[in-house]
Amino acid sequence: MHCFITLNTTWQDKELPKCFTNPFHYTPHPLSIQAAKQLQAELGTPNPETKGKMYGVLIVKNKIGDLGFLAAYSGNDQPQVSQIPFVPQVFEVTNPYGFFRKGEAGLNMLNEEIYKAENSTQRQQLLKELEQANEKSNDTIKTAKLAMAKAKKERQAKRAEAENHTSEDNILQQLIKESQTEKSNFNKLKKECKKRVEAVELKLDTYNQPVNELKKQRKTQSAQLQQQIFDSYIFLNCKGKEKSASLIFRQTGAKVPPAGAGDCCAPKLLQYAFQNQLHPIAIAEFWWGPSPKKEIRKHAYFYPACKSKCEPILGHMLKGLEIEKAKEENRKLAIKVLYEDDAIAIVNKPSGLLSVPGKEEQESVYTQAKALYPNADDPLIVHRLDMATSGILLIAKTKSAHENLQKQFLNKSIQKRYVAILDGIIKEDSGIIDLPLRVDLDDRPRQLVCFEHGKPALTKWEVIERTASQSKVHFYPISGRTHQLRVHAAHPLGLNTPIAGDPLYGLKADRLMLHAEEITFIHPSTQEKVTYKYKADF
């Protein structure tokens, strides 16, 4: 079997995982790590000038019980290392003889026609004519308005003189008639200007009509081609049942699948395994090469499958396999009350507990606070911490306390200090990170650094301790964006060193080594400045 790669080690059945990897929440099995090392040796040292890429390995058993693995890369381009037997695409959209290339050629012809029509000498002349007509119209109306303003002043002066005149009524009637005539003439002038502009607009609209028809045709053909592509991505599961990408995403409520759905590592690997009667045992994906500019991807780090593209597809493909369950620790975790009075409470949130109820998990600081303080006004939560982050949270027991504290957060007068362990040595002693952030629409809840659409995010930091391989730092967030400290720590333009135990942006461990250890604010009742501290347990 061409894509089956033999492992360079022997394993006994008792050492194999009992359940298949949860692709969205896993620690790589030793078998997956071994397979990844074999693949990485074949890939070789990445060229710093080329783009990095996500690769995946799937541990499988063949019909006769031999253990091996399959390899894949994310995307539908040609493999960078041709001697590696990567599994094929689920659907070869780049086939030069396939319908996509023919459809693409048709769209390119339409694009060329539209470009020529929109940039023709005739259209440019009409656009210039319309611009001149608008300018002339505006100048004419502006001149007329100035003349009307001048005439109005003169009439006001005549009215004042007429007050002591014996024929005052006749003069006033004459002035009123002049004003009415002036307004009537001005309205006629505006209509004439409008007609001249509309005449040019009509000529331009007449010219644009066939161009707009070409655009409609392009839109229709593009949508049909995209639909044909998604209908052609047919995914198997271990029971032999097939579903297209179109159907899978339609059943999730999405109108169309996101671009690139089906071209990630996990669907490719599982598709080949099911097509060739290979039994999947474990899976892992890793980044190889330079980090991208937006996403947090570190060379040789393992990452979970993306959610927007892969979760619906893998939901179908993994049916029939026993999957590892994520640790259900949340229900056992409890907040610790550090201080309370009639207006507020200060609690410590353990790592692994949500701040507020989620879609799938209700247990949270909010639900526990409601149980502790059933008579408190809603909402109790003033601010939040990531589920993986531990530390101090403020809880308001009254509506007025909540409004007061929220204003302090909006005014950025509340000061917070976090402590974190970073997986590397930070050479500088302190600094400020200014990197705008936005959500990764293809892989929520991950965040991206985006200078075009991101929201401003500012973090002060200082190193307080260094060991042989790690740095302990204090973070002082000036803004409060989602995952701000985690992304600012891991991104190459930040500290380029992930927080230890970060499953999204670094290396997964027992917990994320990030803790909100100090907060300073004005007490909403006493109006005194207060500071509360609670040390991390790491």
Could you go through residues 280-287 and list every donor-acceptor pair under 3.5 Å that involves a side-chain atom there, pairing it with any protein atom two or more places apart or in another chain?
from: W287; atom 1: NE1; to: G289; atom 2: O; distance (Å): 3.3
from: W287; atom 1: NE1; to: P290; atom 2: O; distance (Å): 3.0

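- Legend: side chain to side chain donor-acceptor pair (under 3.5 Å) pairs involving residues 469-489, not counting sequence neighbours, sorted by first then second residue: D386-R486, D423-Q470, T459-Q484, T459-H488, E462-Y476, H474-E517, S479-Q484, H483-Y505, R486-D502.
- Side-chain contact check for T27 and K508: at least one donor-acceptor pair (N or O, by modelled atom type) lies under 3.5 Å.
- Remark: I323 pairs with F20, N22, L318, L321 by the side chain to side chain contact (heavy atoms under 4.5 Å, CB included) rule, at least two apart or across chains.
- With contacts defined as side-chain heavy-atom distances shorter than 4.5 Å, the pair K309/P258 qualifies.
- S244 places none of its side-chain heavy atoms less than 4.5 Å from the side chain of Y233.
- Residues in residues 398-429 take part in these ring pair (Phe, Tyr, Trp, His ring centres under 6.0 Å) pairs, two or more places apart or across chains: H383-F409.
- Within the structure, the side chain to side chain donor-acceptor pair (under 3.5 Å) test picks out the following pairs touching residues 290-305 (sequence neighbours left out): K298-N496.
- Contacts of D342 classified as side chain to side chain contact (heavy atoms under 4.5 Å, CB included), with partners at least two apart in sequence or in another chain: none.
- Using a 4.5 Å cut-off on side-chain heavy atoms (C-beta onward), L107 and L225 make contact.
- The closest side-chain heavy-atom distance from Q251 to L247 is below 4.5 Å.
- The heavy-atom pair separating I59 from L31 by the smallest distance is CD1-O, 3.5 Å.
- Looking at every heavy atom in both residues, D443 comes nearest to C306 through OD1-CA, 3.3 Å.
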